[in-house]
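The structure appears right after this line, and notes come after that.
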Amino acid sequence: MLIDLKKYFSGENISQQIDYTIDLSAVEIDGVKPFVSPVHVVGDLKAFASSAELNVTVQYAFSMPCNRCLKETRKEISHSISHVLVNRLNDEEDFDDYIVVEGEKLDLDELIYSDIILLTPSKYVCSDDCKGLCPVCGKNLNEGDCACAKQQTDPRLEALRQLLD
């Protein structure tokens with residue numbers, strides 16, 4: 001969605017409601033296409049002191065395998081995103097607080113996509129107490145204990161274990 005911000009930057013007192021979807025089903029993260037539903041974007045864009053204030057909420061379904069147990073887990077995600085959009089910065093202003101829009105046209109899809117990717121966790125787990133997989137046999141330890149020996153000794157540390165016996 002391309003939005004012309006010329007009226008917002010000219011100081012007019014205007015606002016615009018935003019309600020649309022972005023299809024990110026082709027986006028791949030770590031070899032997986034996690035966006036299982038379109039991203040629904042709802043919010044508004046308001047003129048504010050020769051700038052524009054963007055406030056939106058994004059909602060989507062996200063499915064990734066757990067990094068510990070490999071179980072496919074689907075979560076419904078909702079994020080609130082806010083930005084102040086300007087066409088130029090004064091020297092004393094902090095660049096991190098504003099988004100400079102070149103050419104007075106905002107590609108809202110690109111901005112929302114960037115925000116979603118930055119908000120996506122680098123490690124994805126099905127639950128905080130996930131036990132993962134047994135390093136010996138590969139059994140999912142969330143489903144119960146495995147038959148492997150509980151005290152596996154690293155062969156490099158065997159000499160130290162013998163000293164303690």
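Every value quoted in this text rests on a predicted model; they were computed, and no experiment measured them. Along the sequence shown, residues carry numbers from 1. Side-chain atoms are counted along with the backbone in the values below, which use heavy atoms only and exclude waters and symmetry mates.
In this structure, the side chains of C69 and L141 stay at 4.5 Å or more apart for every pair of heavy atoms. Residues L111 and I99 form a side-chain contact, since some pair of their non-hydrogen atoms from C-beta on lies under 4.5 Å apart. A 4.5 Å side-chain heavy-atom check between C146 and V136 finds every atom pair outside the cut-off. Between Y98 and L85, every side-chain heavy-atom pair lies at or beyond the 4.5 Å cut-off. Put simply, the side chain of L5 does not reach to within 4.5 Å of the side chain of N87, judged on heavy atoms. For the pair L2 and L108, the minimum side-chain heavy-atom distance is 4.5 Å or more. Between I81 and V58, some side-chain heavy-atom pair lies under the 4.5 Å cut-off.
Atom NZ of K6 has 12 or fewer neighbouring heavy atoms from other residues, nucleotides or ligands inside a 6.0 Å radius. Heavy-atom neighbours of F9 CZ from other residues, nucleotides or ligands within 6.0 Å: above the threshold of 12. Heavy atoms of other residues, nucleotides or ligands lying less than 6.0 angstrom from NZ of K139 number more than 12. By the neighbour-count criterion of 12 heavy atoms within 6.0 Å, atom CD of Q16 is densely surrounded, having more than that number from other residues, nucleotides or ligands.
Taking both residues in full, the closest heavy atoms of E72 and S63 are given as OE2-OG, 2.8 Å, listed atom of the first, atom of the second, then distance. Between N142 and N140, the shortest heavy-atom contact is N-OD1, 3.0 Å.
Cluster annotation: I29 is connected to Y60 through the hydrophobic network of ILVMFWY side chains, with a link wherever side-chain heavy atoms come within less than 4.5 Å. A continuous path of ILVMFWY side-chain contacts below 4.5 Å connects I116 to I18, so both sit in one hydrophobic cluster. Hydrophobic clustering of Ile, Leu, Val, Met, Phe, Trp and Tyr side chains at less than 4.5 Å, counting indirect connections, unites I22 with Y113. Put simply, I112 and V42 are part of two different groups of oily side chains (I, L, V, M, F, W, Y) that touch within less than 4.5 Å, one to the next. Side-chain heavy atoms closer than 4.5 Å link hydrophobic residues (I, L, V, M, F, W, Y) into clusters, and following such links, possibly through other members, connects I14 to L54.
Side-chain contact check for N55 and H83: no donor-acceptor pair (N or O, by modelled atom type) lies under 3.5 Å. A side-chain donor from one of D109 and Y20 sits under 3.5 Å from a side-chain acceptor of the other.
The CD atom of E110 sits 10.5 Å away from atom CG of D115, with the distance rounded to the nearest 0.5 Å. With rounding to the nearest 0.5 angstrom, the CD atom of E104 is 7.0 Å from the CG atom of D4. Atom NE2 of residue H79 and atom CG of residue L118 lie 10.5 Å apart, to the nearest 0.5 angstrom.
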Pair F62-Y124, ring-ring contact (aromatic ring centres under 6.0 Å, His included): steps then yes or no:
CA-CA 11 Å; F62 191 81; Y124 190 77; 5.7 Å; yes
Residues V101, V86; criterion side-chain contact (heavy atoms from CB on, under 4.5 Å); working and verdict:
CA-CA 6 Å; V101 180; V86 297; over 6 Å; no
inquiry  = What verdict does the side-chain contact (heavy atoms from CB on, under 4.5 Å) test give for V100 and E102, after you've listed the backbone C-alpha separation in whole Å, the side-chain angles of each residue and the deciding distance to 0.1 Å?
reply    = CA-CA 6 Å; V100 179; E102 301 291 330; 3.6 Å; yes
Taking distance alone, no hydrogens or angles, what donor-acceptor pairs closer than 3.5 Å link side-chain atoms of residues 33-40 to residues at least two apart or in another chain?
{"unit_1": "S37", "atom_1": "OG", "unit_2": "A61", "atom_2": "N", "d": "2.8"}
{"unit_1": "H40", "atom_1": "NE2", "unit_2": "D19", "atom_2": "OD1", "d": "2.7"}

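Under the salt bridge (charged side-chain N to carboxylate O under 4.0 Å, His left out) criterion, the residue pairs touching residues 43-69 are D44-K46, with sequence neighbours excluded.
At distances below 3.5 Å, not a single donor-acceptor pair connects side-chain atoms of S78 with backbone N or O atoms of E76.
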